[in-house]
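Remember, predicted model here, so these are calculated numbers, not experimental data. In each ligand, atom 1 is the first atom listed, and ligand 1 is the first ligand listed.
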Amino acid sequence: MLHYQEHDATAQKTDNIISIPANADAMTQSSGLEKIRVTGGKTINGTIRISGAKNSALKLMCATLLSDEAVEMTNLPVALQDIQTLAGVLQQLGVALTLREDKTGTFHARVIDKPLAHYDLVRKMRASILVLGPLLARCGYAEVSLPGGCAIGTRPVDLHLMGMEKMGATITLEEGYVKAKAPEGGLQGADITFPVVSVGATENNMMAATLAKGTTRLINAAREPEIVDLGNMLNAMGAKITGLGTSTITIEGVEKLHGCTHDVIPDRIETGTWMIAAALAGGTLRLEHTSLNLVEALVKPLEKAGLEISEEGDAIIASRTDKPLKGTDIMTEPHPGFATDLQAQFMTMLTLCEGAGMVTETIFENRFMHVPELARMGADITVQGNSAIVRGVKKLKGAEVMATDLRASASLVLAGLVAEGTTTVNRIYHLDRGYENLVEKLSACGADIERIA
Ligand code: UD1
């Protein structure tokens, strides 16, 4: 894995040094061939420090393209593969950047060499499309490869593009690349109404609108905490954004954005994953540097199932009582509803609850890829359309499993924590995209878990 070192953004391309440092191991989580082996049955007790939010950090990094001054970030989850992939995309664009092991990063887009994001890096991560709005706003022109296919449904980017067209951009698709050109005089503020709530389209257009002429209103905007975090950082850079956290976001365009220092919010999906782990495996977990506000929609269903949850300062304490877990229903929705990124993990918990629970997925089609794998471990799940009925079984049995996306992989690790015998999770590069030090964090709490070659 690579560590990206600061370089002079005005220097020749050949000076864009990407070097592998002597301490590469510390930064590295895995090669794609590794597996995780979990032996079930251990209760888990202890403290886990929650990392910075991946889905916030990625967008904050893209936002640094909007200014020619340096942006400093703290609580950046630098060990994640996705962060390093995006660092590569930014560096190709000419951003001087440093990611440090103390979870800080510096990003300096003094000059953008060429507003072109190549297929070779973009294909590795869909979120790379989020460089489009900032590049278009700053350079008046951008070419970004369309992200490749994704395991979770079709995931189009039409709404990202629709918003930019409303701001006056001309957009064409040529040879797999989105080519966007701002009108003479730059992007113009506009009213943009999204027919469905999209996190990415809200973010891309919010970033583009910061440097547009006049006022932009994003109507039916996403309200996720990551959107608020991005808006807060943009405001610290000199943007004029109001309505963050509501479904109408208003952006008054400004001439220029400047540098700032920003602390990335805690990862609510990691927080929720470990809360579910406590419910499943029993014991008490203290999750530090996070907040119940970030996981409100998860708290009620977990309490209903039988988890005790409290807050002490910036820590959440999640504790399983002796009583059996009870089945309960959930439905994924845009924030503040139940997060689709916690659906798979919650379903794993339901497989061992007394009674049944229904899981309805309304955000993505085809987000039940974990079901056949859980069934191989003995789960009783029936899928009908976008709903799954999970009937509790007495126990799960360890098996060799594999998942095709990040959160589904997490759900299989959770299943392994409670399954009888040993579970081997293949393709763990998915986990390394989104969970920092997963094995270390769980084993420090008593889980029998290790990486194997
Ligand atoms: C982000 C998160 C992802 C999370 C998802 C929903 C990141 C990097 N990823 O993804 O983990 O699961 O929010 O909370 O932050 N859609 C369109 N056209 C578009 C864009 C989206 O039809 O142009 C549809 C999608 O297919 C999906 C729905 O809108 O059905 C929501 O997707 P969206 O909120 O955009 O998800 P992402 O931003 O891709």
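Ligand 1 has no atom lying under 4.0 Å from any heavy atom of Arg433. For the pair Val197 and ligand 1, a heavy-atom separation below 4.0 Å is found. The closest approach between a heavy atom of Arg126 and any atom of ligand 1 is below 4.0 Å.
Among Thr332, Val199, Ile227, the residue whose heavy atom sits closest to atom 13 (O) of ligand 1 is Val199. Checking Asp158, Leu159, Thr340 against atom 6 (C) of ligand 1, the nearest heavy atom belongs to Thr340. Of the candidates Gly163, Pro156, Ser128, Pro156 brings a heavy atom nearest to atom 16 (N) of ligand 1.
Here the CE atom belonging to Met402 is positioned 14.0 Å from the CD1 atom belonging to Ile428, to the nearest 0.5 angstrom.
Not one N or O on the side chain of Thr216 forms a donor-acceptor pair closer than 3.5 Å with the backbone of Ala209. At least one donor-acceptor pair closer than 3.5 Å links the side chain of Arg376 to the backbone N or O of Glu400. Side chain of Asn75 to backbone of Val264: a donor-acceptor contact under 3.5 angstrom is found. No donor-acceptor pair closer than 3.5 Å links the side chain of Glu226 to the backbone N or O of Ala57. Checking side-chain atoms of Glu224 against main-chain N and O of His335 turns up a donor-acceptor pair under 3.5 Å.
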Task: side chain to side chain donor-acceptor pair (under 3.5 Å) between Ser51 and Glu436, intermediate numbers included - done: CA-CA 7 Å; Ser51 295; Glu436 270 194 327; 2.7 Å; yes
TODO: For Glu174 and Thr172, run side chain to side chain donor-acceptor pair (under 3.5 Å): C-alpha distance rounded to whole Å, both residues' side-chain angles, the deciding distance at 0.1 Å, then the answer.
DONE: CA-CA 6 Å; Glu174 287 169 43; Thr172 53; 3.2 Å; yes
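Interface atoms of ligand 1 facing Arg367, defined by a heavy-atom separation under 4.0 Å, are 12 (O).
Distances between N or O atoms of Phe364 and those of ligand 1 include no value under 3.5 Å. Close N/O approach between Asn55 and ligand 1 is found [any backbone or side-chain N/O within under 3.5 Å]. Ligand 1 has a nitrogen or oxygen under 3.5 angstrom from a nitrogen or oxygen of Gly200. By the 3.5 Å distance cut-off applied to N or O atoms, Lys54 is not counted among the residues near ligand 1.
Every ring pair (Phe, Tyr, Trp, His ring centres under 6.0 Å) that Phe346 has, sequence neighbours left out, goes to Phe338.
By the criterion of a heavy-atom distance under 4.0 Å, neither the backbone nor the side chain of His335 is placed next to ligand 1. Using a 4.0 Å cut-off between heavy atoms, Glu361 makes no contact with ligand 1 at all.
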